[in-house]
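First comes the structure, then the notes that go with it.
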Amino acid sequence: MPSTARKSPALAAAAAPEEPADADEANVDERVYAAVSKALLSGKLRPGTPLRERALAEALGCTRGAVRKVLARLGSEKRLVLEHNRGAFVPNPSIDDMRGIYRARRIVEAGLVSTLHGQLEREQVAALRKHVQAEQKAFKEGRREDAIRLAGEFHMLLAQMAHSDELISYLQRLISNTELYKALYDSAEAASCAPREHEQIIEALTGKSLDAALAVALEHLDELEQRVIAGAAAEQEVDLATLLNGGAPGRGHGHKHGHKHNH
């Protein structure tokens with residue numbers, strides 16, 4: 001019998017564990033990533049809140065190494081601020097920072113609308129409508145973090161239809177920022193406007209007027225920016241009231257923030 005005879009079951013089992021172990025590790029990473037992302041998009045973590053590795057590892061039943069990898073990933077996506085020797089924090093962006101991100105989104109998405117207007121195929125329109133239905137369902141069921149994520153994914157779906165990897169990559173970074181701003185500063189009631197506004201964008205993209213499509217898409221971003229900026233300004237007023245009142249919460253969220261992060 002040749003020397004390349006079949007391995008015994010024991011040897012085969014000994015040689016195999018590496019792949020499942022890698023798969024298990026990837027599953028843990030994705031589970032931790034999903035849990036932290038959900039917490040961020042729920043709006044319950046306020047700006048400046050520190051995210052401690054040890055506490056997260058204990059809460060999620062994983063190693064600190066797994067948490068560290070996920071925090072680094074979220075930092076690269078601009079969903080967290082990472083400070084050397086200090087750890088990870090929920091961003092506390094300035095109003096100017098937020099205005100700059102929304103300005104970039106308007107510029108990019110104006111080009112996207114110009115590219116897609118009148119060019120969408122029937123299957124693409126159907127996919128967009130199906131996505132909006134998922135957004136509506138999430139809002140009706142009170143799944144705020146899912147609704148915010150799906151709202152961002154609507155714009156990513158449009159970007160995918162433009163067939164540009166560079167555009168997808170850049171818009172994903174912008175949307176990661178604005179999703180977080182929405183979670184931190186937009187009210188749940190106002191956020192429920194997104195599915196209706198997205199439906200209007202679909203109608204405009206399939207309509208006859210490019211000018212009308214641009215107006216609808218940019219008005220959508222303008223209204224979101226205004227709500228977010230107003231929410232951020234109100235929360236900063238609460239901080240000042242808290243300081244002047246010796247720690248007694250004022251109005252609005254009534255949370256005292258950590259230090260300021262201008263990222």
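For clarity, every value in this text was computed on a predicted model and none was experimentally measured.
- The two residues L51 and L71 make their nearest non-hydrogen contact at O-CD1, 4.2 Å.
- Counting only N and O atoms by type, the side chains of E77 and Y33 include a donor and acceptor under 3.5 Å apart.
- Ion pairing of E135 with R196 is absent here, as no side-chain N (NZ or NE/NH1/NH2) approaches a carboxylate O to less than 4.0 Å.
- Formation of a donor-acceptor pair under 3.5 Å by the R54 side chain with backbone atoms of R64 is not found in this model.
- Remark: T115 pairs with no residue by the side-chain contact (heavy atoms from CB on, under 4.5 Å) rule, at least two apart or across chains.
- The line from CZ of R143 to OG of S42 is 14.5 Å long, rounded to the nearest 0.5 Å.
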Practice task
For R106 and E225, run salt bridge (charged side-chain N to carboxylate O under 4.0 Å, His left out): C-alpha distance rounded to whole Å, both residues' side-chain angles, the deciding distance at 0.1 Å, then the answer.
Solution key: CA-CA 10 Å; R106 279 194 294 273; E225 178 183 359; 2.5 Å; yes

Exercise for the section: Apply salt bridge (charged side-chain N to carboxylate O under 4.0 Å, His left out) to K130 and E123, showing your working. Expected result: CA-CA 10 Å; K130 184 177 180 181; E123 295 79 8; over 6 Å; no

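- Listed here is the closest heavy atom pair of H131 and L150: NE2-O, 2.8 Å.
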Practice task
Please step through side-chain contact (heavy atoms from CB on, under 4.5 Å) for the pair E197 and E219, ending with a clear verdict.
Solution key: CA-CA 9 Å; E197 293 169 356; E219 184 180 1; over 6 Å; no

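- E223 CD to R227 CZ: the interatomic distance, rounded to the nearest 0.5 Å, is 7.0 Å.
- Hydrophobic cluster membership is shared by Y185 and I95, with clusters built from Ile, Leu, Val, Met, Phe, Trp and Tyr side chains linked at under 4.5 angstrom.
- S169 contributes no side-chain N or O that, together with a main-chain N or O of D165, makes up a donor-acceptor pair within less than 3.5 Å.
- Listed for the T49 side chain is no donor-acceptor partner under 3.5 Å among the backbone atoms of L45.
- Annotation: the span from M98 atom CE to L184 atom CG amounts to 8.5 Å, rounded to 0.5 Å.
- Counting only distance, with no hydrogens or angles, the side chain of R31 and the backbone of L60 share a donor-acceptor pair below 3.5 Å.
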Exercise for the section: Evaluate the side-chain contact (heavy atoms from CB on, under 4.5 Å) criterion for residues I168 and M156: first the C-alpha distance (whole Å), next the side-chain angles of each, then the deciding distance (0.1 Å), finally the verdict. Expected result: CA-CA 7 Å; I168 291 170; M156 291 308 304; 3.6 Å; yes

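- At a threshold of 4.0 Å, the pair R149-D146 counts as salt-bridged, since one of the basic side-chain nitrogens sits closer than that to a carboxylate oxygen.
- If you look at H220 and H155, their ring centroids are closer than 6.0 Å.
- Counting only heavy atoms from C-beta outward, the side chains of V67 and R52 never approach each other to under 4.5 Å.
- At a threshold of 4.5 Å between side-chain heavy atoms, the hydrophobic network of Ile, Leu, Val, Met, Phe, Trp and Tyr places L221 and Y181 in two separate groups.
- Taking CD of E109 as the reference point, atom OG of S114 lies at 11.5 Å (rounded to 0.5 Å).
- M161 is listed as a side-chain neighbour of L128, based on a closest heavy-atom distance under 4.5 Å.
- Proximity of V108 to Y170: side-chain heavy atoms (C-beta onward) are separated by under 4.5 Å at one or more points.
- For the residue pair R79 and S37, no side-chain donor N or O sits within less than 3.5 Å of a side-chain acceptor on the partner.
- The shortest heavy-atom contact between H117 and A213 is CD2-CB, 3.8 Å.
- In this structure, Q172 CD and N177 CG are separated by 10.5 Å, a value rounded to the nearest 0.5 Å.
- To the nearest 0.5 Å, the span separating CG on D186 from CD on E179 amounts to 12.5 Å.
- With contacts defined as side-chain heavy-atom distances shorter than 4.5 Å, the pair Y102/L174 does not qualify.
- Of all non-hydrogen atoms in K182 and R144, the two that sit nearest each other are O-NH2, 3.4 Å.
- A distance-only check finds a donor-acceptor pair linking the side chain of Q124 to the backbone of E121 [under 3.5 Å].
- Nearest heavy-atom pair across A183 and L40 is CB-O, 3.5 Å.
- Under a hydrophobic-cluster definition in which Ile, Leu, Val, Met, Phe, Trp and Tyr are linked whenever side-chain heavy atoms come within less than 4.5 Å, directly or via other members, I107 and L116 are assigned to different clusters.
- In this structure, the side chains of L180 and I148 stay at 4.5 Å or more apart for every pair of heavy atoms.
- Using a 4.5 Å cut-off on side-chain heavy atoms (C-beta onward), H198 and I202 make no contact.
- The heavy-atom pair separating L205 from L158 by the smallest distance is CD1-CD2, 3.7 Å.
- Between E199 and R129 the shortest side-chain heavy-atom distance falls below 4.5 Å.
- No path of Ile, Leu, Val, Met, Phe, Trp and Tyr side chains, each step under 4.5 Å between heavy atoms, connects L218 with V228, placing them in separate hydrophobic clusters.
- Put simply, the side chain of D97 does not reach to within 4.5 Å of the side chain of I101, judged on heavy atoms.
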